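A quick write-up on the structure given underneath.
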Amino acid sequence: MSTAGAGRLAGRIALVTGASRGLGAAAALSYAREGAHCIVVARTVGGLEALDDRIKAIGGSATLVPLDVTDGPGIDRLGAAVYERFGHLDVLLGNAGILGTLSPLGHIEPQIFDQVIAVNLTANWRLIRSLDPLLRRSDAGRAIFVTSDVGRRAVPYWGAYAASKAALDTLAGIYAAEVAHTAVRVNLFDPGPMRTTMRSQAYPGEDEAEQTPPEAHAEALIRLALPSCTMNGQCVAGDAAPAGSTDPGRRH
Ligand code: NJP
């Protein structure tokens, strides 16, 4: 088992949003296993503490940041704190996301629509705004944003979520273009269906055993975080599409 000081991300500083459970927790644990110090962000302190226990158990280290990513000034303070403590940031994984409600566009409550955009889109822009200078101070800053293919297809009832991910794709593409001449690389990761809280919200009756566990995506997310990653402005898809699926929403 790798510990800090060894591994492909030894000595790297990685910030992961939405790390209290699901894909974010799995990614942070895998980064820590590869030697990164993980700054883990979410609202649920218990989830962050449970992750911290797992990271410590493999000899890794983490900084817990209980924060709502829609708190823009809080994101700014986080950037300042990372600068003061580390001077730079090597990896940003913008993973925090919410589903909102699945319903016809005209039935979505305005505050739900606004919240989905705030978490899935605006928070990632605030992260870029706060952390881009720190990624540029790294010798190989890597930003990864977690998206969904539903943002690229017109699937009924997925309106707020799909629109937020479509806009996130564009935001990440623009960021990638803006840093193309620097050492920073920016890419998207589209995991496909995973056995997480979000998936069970979307498909409550589904057999969870059929879904890919988020841990299955650890290697893909490590590769996107490595200094040797040369891709920029790309979207890497997880291989979690259920074989023979005919429901267009099911790929989400
Ligand atoms: O979701 P879930 P996943 N401030 O619900 C955090 C995408 N995706 O792991 O604050 C801060 O288990 C929340 O933490 P907490 C999806 O769009 C998924 O499946 O403590 N954090 C938790 O840690 C998303 O971008 C599927 O509640 C906030 C995390 O976000 C990513 O994968 C398919 C927050 C959500 O954990 C991870 O989702 C696909 C806030 N305001 C794309 N609000 C899939 N699951 O099948 C939420 O294509 N969080």
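Predicted model, so just to flag it, every value in this text is computed and none were measured. Numbering of ligands and ligand atoms starts at 1, following listing order. Basis for what follows: all heavy atoms, side chains included, without hydrogens, waters or symmetry-related copies. Numbers here are sequence positions counted from 1.
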Within-shell test, [X] vs ligand 1, heavy atom, strictly < 4.0 Å:
X: Pro214; result: no
X: Leu48; result: no
X: Thr17; result: no
X: Arg195; result: no

Side chain or backbone, does [X] bring an N or O within less than 3.5 Å of an N or O on ligand 1?
X: Leu23; value: yes
X: Asp149; value: no
X: Gln115; value: no
X: Thr70; value: no
X: Val69; value: yes
X: Val41; value: no

Quiz item: Do Leu131 and Val146 share a hydrophobic cluster, counting only Ile, Leu, Val, Met, Phe, Trp and Tyr and linking them when any side-chain heavy atoms are less than 4.5 Å apart?
Solution: no
Given side chains that start at C-beta, do those of [X] and [Y] come closer than 4.5 Å, heavy atoms only?
X: Arg8; Y: Ile222; value: yes
X: Asn120; Y: Leu168; value: no
X: Pro66; Y: Arg43; value: no

Self-check item: Minimal non-hydrogen separation, Cys229 against Asn187, with atom names
Solution: SG-ND2, 4.1 Å
Exercise. Please indicate whether Arg54 has more than 12 foreign heavy atoms, meaning atoms of other residues, nucleotides or ligands, lying under 6.0 Å from its CZ.
Key: no
Find all atoms of ligand 1 within a distance of less than 4.0 Å from any non-hydrogen atom belonging to [X], and give their numbers and elements.
X: Gly22; result: 9 (O), 12 (O)
X: Leu67; result: 4 (N), 11 (C)
X: Asn95; result: 24 (C), 25 (O), 31 (C), 37 (C)
X: Asp190; result: 48 (O)
X: Asp68; result: 4 (N), 40 (C), 41 (N)
X: Gly97; result: 25 (O), 30 (O), 35 (C), 47 (C)
X: Pro193; result: 46 (O)
X: Val119; result: 41 (N), 43 (N)

Quiz prompt | Residue pair Asp90 / Ser138, side-chain donor-acceptor N/O under 3.5 Å | solution = yes
Quiz prompt | Residues which pass side-chain hydrogen bond (donor to acceptor under 3.5 Å, both in side chains) with Asp132, listed by chain and number, not counting sequence neighbours | solution = Arg136, Tyr175
Quiz prompt | Residue list, side-chain hydrogen bond (donor to acceptor under 3.5 Å, both in side chains) with Asp139, at least two apart or on another chain | solution = Arg12
Quiz item: Do His37 and Phe86 pass the ring pair (Phe, Tyr, Trp, His ring centres under 6.0 Å) test, and can you show the C-alpha distance, the side-chain angles, and the key distance before you say yes or no?
Solution: CA-CA 10 Å; His37 177 83; Phe86 302 106; 5.3 Å; yes
Quiz item: With backbone taken as N, CA, C and O and side chain as the heavy atoms from C-beta onward, which portion of Ala19 lies under 4.0 Å from ligand 1: side chain, backbone, both, or neither?
Solution: backbone
Quiz item: Passes side chain to side chain donor-acceptor pair (under 3.5 Å), Thr147 versus Asp169? Steps please.
Solution: CA-CA 7 Å; Thr147 187; Asp169 290 2; 2.6 Å; yes
Quiz item: When the ring planes of His217 and Phe189 are compared, do they come out parallel, tilted or perpendicular, using 30° and 60° as the limits?
Solution: perpendicular
Quiz item: To which of Gln211, Met194, Arg199 does the heavy atom nearest atom 18 (C) of ligand 1 belong?
Solution: Met194
